[in-house]
Protein chains: 2
Amino acid sequence: MARAATTADAFNAVAEPRRRQILDALAGGERPVNDLVRILGVGQPQVSKHLRVLREVDAVVVRDEGRQRLYRLNGRALRPIYDWVKTYERSWSERFDQLDVVLDELKQEEEGDGSDE
Amino acid sequence: MARAATTADAFNAVAEPRRRQILDALAGGERPVNDLVRILGVGQPQVSKHLRVLREVDAVVVRDEGRQRLYRLNGRALRPIYDWVKTYERSWSERFDQLDVVLDELKQEEEGDGSDE
DNA sequence: GAAACATATACCTATATAGGAATATGTCAA
DNA sequence: TTGACATATTCCTATATAGGTATATGTTTC
């Protein structure tokens, strides 16, 4: 089997740095494809292809305006990533190092379940 | 060119659901490989290979103990992901949900006006 | 209609998997 | 040493890119 499709979910879609660059550029507001081509400094077909991937995971929305196509960010598509990764925040937050021990203990009590198996 | 290596950075490493599962399992504490094999329900070589990827991006740390190898989570490796995605949080926060509705309405008016798909 | 412009798609190639099977490496026990 | 156990690595294959180039589609202007 090969790796999952980039369009499988937001995690796969944003694994590509250029696609994160595109989203960052769109954070400033709606933009036509050519703007992104200039900002990224890569070919137009490449940008269009990245935009297609982002569209398939709903990370961007497109709107026609004359001969241009204006792309807009849809940050909500990134929420699963945020939700998943934020639970790990305490891992590096010095402040919570002490709290971790307590929380782990409470969690084990609540679950009332042997931790092994 | 092919896609970037899964070991290129944390973004690529956690794009694979099984690797996120492994990290989630390790969030509960240090575990030997066999535990993860049971939890994930996949073959042992597969788990070892996923662990190798996670090790290369420093998302896990390994420690020898007898014939077992105990893996431990290193959440700090996920910080770049958190830092990147958290800037998009306001996209879906309550306050901006209202704005989204307005924008969507404006968009529909424009699109539904005069032209059919 | 023709030309210019904006964007999307098709086709190509090199490459990096993810999983499965078989095997290698390392450790403990008798 | 031999055997059982725990884990890592190797080899294999099918598949999904990402970028480059050429081309198709759609829009505006003349």
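Proteins get letters first, then strands, A, B, ... in listed order; numbering begins at 1 in each.
A heavy atom closer than 4.0 Å to some atom of DNA chain C occurs in A:Pro32, A:Val33, A:Asn34, these being the qualifying members of residues 27-43 of chain A.
A straight line from CZ of B:Arg20 to P of C:dA18 spans 12 Å, rounded to a whole angstrom. Atom CD in B:Gln68 sits roughly 14 Å away from atom C1' in D:dA4 (whole-Å rounding).
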Go through it in stages, so that I can follow the logic: the residues are A:Arg52 and A:Glu56, the test is salt bridge (Lys or Arg N to Asp or Glu O under 4.0 Å), and I'd like the CA-CA distance, side-chain angles, deciding distance and then a yes or no.
CA-CA 6 Å; A:Arg52 181 176 167 80; A:Glu56 293 204 34; 3.5 Å; yes
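A heavy-atom distance below 4.5 Å is found between the side chains of A:Val14 and A:Leu78.
In the model, A:His50 has a side-chain atom that pairs as donor or acceptor with a side-chain atom of A:Arg19 under 3.5 Å. Using modelled atom types, one finds a donor on one side chain and an acceptor on the other under 3.5 Å when comparing A:Tyr88 with B:Asp24. No side-chain donor from either of B:Tyr71 and B:Arg63 sits under 3.5 Å from a side-chain acceptor of the other.
Salt-bridge check for B:Glu16 with A:Arg3: failed, with every basic side-chain N at 4.0 Å or more from each acidic carboxylate O. Classification of A:Arg55 and A:Asp58 as a salt-bridged pair fails, no side-chain N sitting under 4.0 Å from a carboxylate O.
Phosphate proximity of D:dA6 to B:Tyr71: absent, as no side-chain N or O sits under 4.0 Å from OP1 or OP2.
No side-chain donor-acceptor contact under 3.5 Å links A:Asn12 to the backbone of A:Ala15.
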Reading nucleotides 25-30 of chain D 5' to 3', which nucleotides get B (base under 4.0 Å from a protein heavy atom), which S (sugar-phosphate only), which -?
--BS--
Sugar-phosphate atoms are those with a prime plus P, OP1 and OP2; base atoms are the rest. Using that split, label each nucleotide of nucleotides 9-18 of chain D B, S or - for protein heavy atoms under 4.0 Å, 5' to 3'.
BB---BBSBB
